[in-house]
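Take a look at the structure below.
To find a chain, count down the sequence lines: A is the first, B the second, and so on, and within it residues start at 1.
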There are 2 protein chains.
Amino acid sequence: MTSVHIVGAGLIGASIGIGLSAEGWPVTITDADADAARLGAAIGAGATRDASTPAPDLVIVAVPPSVAPAAVVSALQEWPDAVVTDVASVKAPIARAAHDSGHGARYVGSHPMAGREVSGGRAAQGDLFKARPWVICAGEAPASAVATVRAVAAALQADAIDMDAQAHDAAVARVSHAPQVAASAVAAALGPLQAEDVALAGQGLRDVTRIAASLPAMWADIARLNSHALIATLDHIIGDLEDVRDADDIGEALTDLIERGRMEVARIPGKHGGPTRDWVPVTVIVPDTPGQLLRLLSDAASAHVNVEDITIEHSPRQPVGLTTLHVLPESAPALVDALTAQNWEIASS
Amino acid sequence: MTSVHIVGAGLIGASIGIGLSAEGWPVTITDADADAARLGAAIGAGATRDASTPAPDLVIVAVPPSVAPAAVVSALQEWPDAVVTDVASVKAPIARAAHDSGHGARYVGSHPMAGREVSGGRAAQGDLFKARPWVICAGEAPASAVATVRAVAAALQADAIDMDAQAHDAAVARVSHAPQVAASAVAAALGPLQAEDVALAGQGLRDVTRIAASLPAMWADIARLNSHALIATLDHIIGDLEDVRDADDIGEALTDLIERGRMEVARIPGKHGGPTRDWVPVTVIVPDTPGQLLRLLSDAASAHVNVEDITIEHSPRQPVGLTTLHVLPESAPALVDALTAQNWEIASS
């Protein structure tokens, strides 16, 4: 069984430790912060190391992105026979640092894509990575080293994806980093509005700005590490916004942008890779009293309709929520009939 | 009882007609398209007019934004004793046209904020406006005319909000129009990516780009009518994105932007005007088999926990969904215990 040493007992490191320990892997864990290290050991994320602890087969560096390159290099130097991986959301700069250290053949990049609203070892969960993408960037490493890291993803029931580090960084700049920046910019543009004006916000604004509530620290690290790809993506977005702003016919320019955006949105995998737009929405007026949502789904189930997705739009001023059930087109008529028969008010279908 | 004539039998016009007719209001409806007019009458949106039909007390102009100003003016001219309102999502240019016609005192602006994924009279629903904001811009009109329009909003159980037309247009540019443009720009920036790169998309990108699937036609009209406020908002957003792109320290610039965005997101009303961030998320791994979501909510209800909101993150590659139940902080521990006892896998809480 591969022995693992985890450097960093934060949310990701401790979650990996708990998950691998639960699967019977021999795991040790450490942290620059002695309290964090003790907590990690206390919650079953791994044992502490002493002079008698044998060298690990695999070192997983789970530190903040800003210090990941240096931490990976020192792990490669401290454990001359170990495979070293990391969990940072930017991969090329770390691969470069590993290569420049002369130990690049023992480095395999990882990016377990499991977000959390919270951080810190206290929030660790062994199944944090289940069903989540786990990107693996082999770089210069041989198949045996890559297999060692892939075994970790498999043990945590993550969804391993092989990618080139540069391609990964370019991709996450567009699917993750730039959307974060844009969402924050849309939110910041609410600044001049009075509270009663902001209250006109609909579900669209709530969707666009939901991730704007993220804490800045990790994003600042990511932006610094992935600045090249992020800047290129911001250039793309700024250029499209300028084309609309400066157009002789703003309607024509916006039509072009929306058409291009629609083509790309259609490429975003929905449920199991299928396009979410295959579903049709049935919007129901749901009183805000306990159990109503349960009653709604019960009535949907009694019509043998499988609800693919749910979105709830809360009314700022009234004690009702507009709940939209997304179902397959062929199921929608039966759902509407069944809900109507149960005296639900259908707002739209 | 106020007699109403509706000009335009599309989704909004026909829905208003169905709703008011159901409340016993005398309603007539017409449409430039004879088929649409016949459909409107057929689905109970209002009667057709003939020479013997008495003049209406209120005319509701429900035509596309691009033709709304002209249609409002001709209604004011055709019915010299009627109050005229409209439903366009931009208000100042229409108020200006009404004023310039010399009949501004009989015009009251309306903006019923009921979005739909679909359009056309065939999709009309009498309760489309229930619990939705219905902005009323009195302009030069006397209280009696405003009361006539407010009665319509009340009959449709909409949530009437009095606003100045200019303030309304400035607000919707920031809470609705610019977010649409930005979402499309973020989606369009996915263009250079391969399908497997786009597959790295998480819930964040899906949230930000959901409205990018909108059809462009109405947005083009809106952008032309509200170009001044929209351009000012795009300027604001572009400036913030440029500050990040061009910063000496991109991390520092992004931190500033995210901090400002967080302050504004906190002002977006959540459930009943309360900030949504009062809820805490409990994420559960839900197998993709019929009835699982129902079973999850049943188990939550058995723990006497009221689910405030639900978000479902579908796994692109695996037959499970990560379902997040948003609950009050004091309910979270009981929910986690109850779900764990029912053998649910808690991904995070």
* Asked: In terms of heavy-atom contacts, does CD of B:E252 have more than 12 from other residues, nucleotides or ligands at under 6.0 Å?
  -> no

* Where A:A187 and B:G261 come nearest, the two heavy atoms and their spacing -> CB-O, 3.6 Å

* To do: Output the option from B:I231, B:L296, B:D243, B:L225 having the highest count of non-hydrogen pairs under 4.5 Å with chain A.
  => B:I231

* Contacting region of B:V305 [heavy-atom separation from chain A under 4.5 Å] -> neither

* Any chance you could lay out the side-chain contact (heavy atoms from CB on, under 4.5 Å) test for B:V208 and A:T209, step after step, and finish with the verdict? => CA-CA 7 Å; B:V208 171; A:T209 58; over 6 Å; no

* Under the criterion side-chain contact (heavy atoms from CB on, under 4.5 Å), which of A:L200, A:D197, A:L193, A:V186 is the partner of B:R174? -> A:L193

* Considering only heavy atoms, which portion of B:A170 lies under 4.5 Å from any heavy atom of chain A: side chain, backbone, both, or neither? -> backbone

* Spatial distance of atom CD1 (B:I237) from atom CD1 (A:I237) [nearest 0.5 Å] -> 11.0 Å

* Check whether A:Q194 gets within reach of chain B through its side chain, its backbone, both or neither, counting any heavy atom under 4.5 Å. => backbone

* Residue part contacting chain A, namely of B:S176, when any heavy atom lies under 4.5 Å -> neither

* Structure fact -> Between A:E259 and B:P216, the two heavy atoms sitting closest are OE2-CG, 3.2 Å

* Interatomic distance, B:Q203 atom CD to A:D207 atom CG [nearest 0.5 angstrom] -> 9.0 Å

* Quick one: does B:S184's side chain get under 4.5 Å of A:R260's, heavy atoms only? -> no

* To do: Please state whether the side chain, the backbone, both or neither of B:M263 comes within less than 4.5 Å of a heavy atom of chain A.
  => neither

* Which one of A:V198, A:V172, A:D240 has the most heavy-atom pairs closer than 4.5 Å to chain B? -> A:V198

* Measuring heavy-atom distances to chain B, does A:T255 have an atom under 4.5 Å in its side chain, in its backbone, in both, or in neither? -> both

* Structure fact -> Of the listed B:D221, B:D246, B:D235, the one with the largest count of heavy-atom pairs under 4.5 Å with chain A is B:D235

* **Short side-chain to backbone donor-acceptor contact, B:R267 and A:L190, under 3.5 Å** => yes

* Heavy-atom distances under 4.5 Å only: say whether B:A212 touches chain A with side chain, backbone, both or neither. => both

* **Rounded distance (nearest 0.5 Å) linking atom OG1 of B:T283 with atom CD of A:Q125** => 9.5 Å

* **chain B contact via A:I211 - which portion, at a heavy-atom distance below 4.5 Å** => side chain

* Structure fact -> Turns out that what part of A:D249 lies under 4.5 Å from chain B's heavy atoms comes down to side chain

* To do: Taking all non-hydrogen atoms of both residues into account, name the closest pair between A:A185 and B:L257 and its distance.
  => CA-CD1, 4.0 Å

* Passes side-chain contact (heavy atoms from CB on, under 4.5 Å), A:V265 versus B:R210? Steps please. -> CA-CA 8 Å; A:V265 166; B:R210 184 168 294 120; over 6 Å; no

* To do: Please report the shortest heavy-atom distance between B:G251 and A:A220, naming the atom on each side.
  => O-CB, 3.4 Å

* Asked: B:I258 and A:S214: which non-hydrogen atoms are nearest, and at how many Å?
  -> CG2-O, 3.3 Å

* Heavy atoms only, distances under 4.5 angstrom: which of A:H304, A:R224, A:E345 has the most pairs with chain B? Name it, please. => A:R224

* Asked: If you measure from CD1 on A:I285 to CZ on B:R132, what distance do you get to the nearest 0.5 Å?
  -> 8.5 Å

* To do: Working to the nearest 0.5 Å, report the span between CG of A:L241 and CD of B:E242.
  => 9.5 Å

* Between A:V181, A:V135, A:T233, the one whose heavy-atom pairs under 4.5 Å with chain B are most numerous -> A:V181

* Using a 4.5 Å cut-off on heavy atoms from C-beta on, say whether the side chain of A:L254 contacts that of B:I222. => no

* Checking heavy atoms, do the side chain of A:A232, its backbone, both or neither come under 4.5 Å from chain B? -> neither

* Side-chain contact test, heavy atoms from C-beta onward, threshold under 4.5 Å: evaluate it for A:P269 versus B:R206 and give yes or no. => yes

* Asked: Atom CD1 in B:I310, atom CG in A:L297: separation rounded to 0.5 Å?
  -> 6.5 Å

* Select, from A:A183, A:G191, A:A301, A:G239, the one with the greatest count of heavy-atom pairs under 4.5 Å involving chain B. => A:G191

* Below 4.5 Å, heavy atoms only, C-beta onward: do A:R245 and B:L230 meet side chain to side chain? -> no

* Structure fact -> Counting heavy-atom pairs under 4.5 angstrom with chain A, the leader among B:H111, B:H168, B:Q180, B:E264 is B:E264

* Portion of A:A182 that has a non-hydrogen atom of chain B nearer than 4.5 angstrom -> both

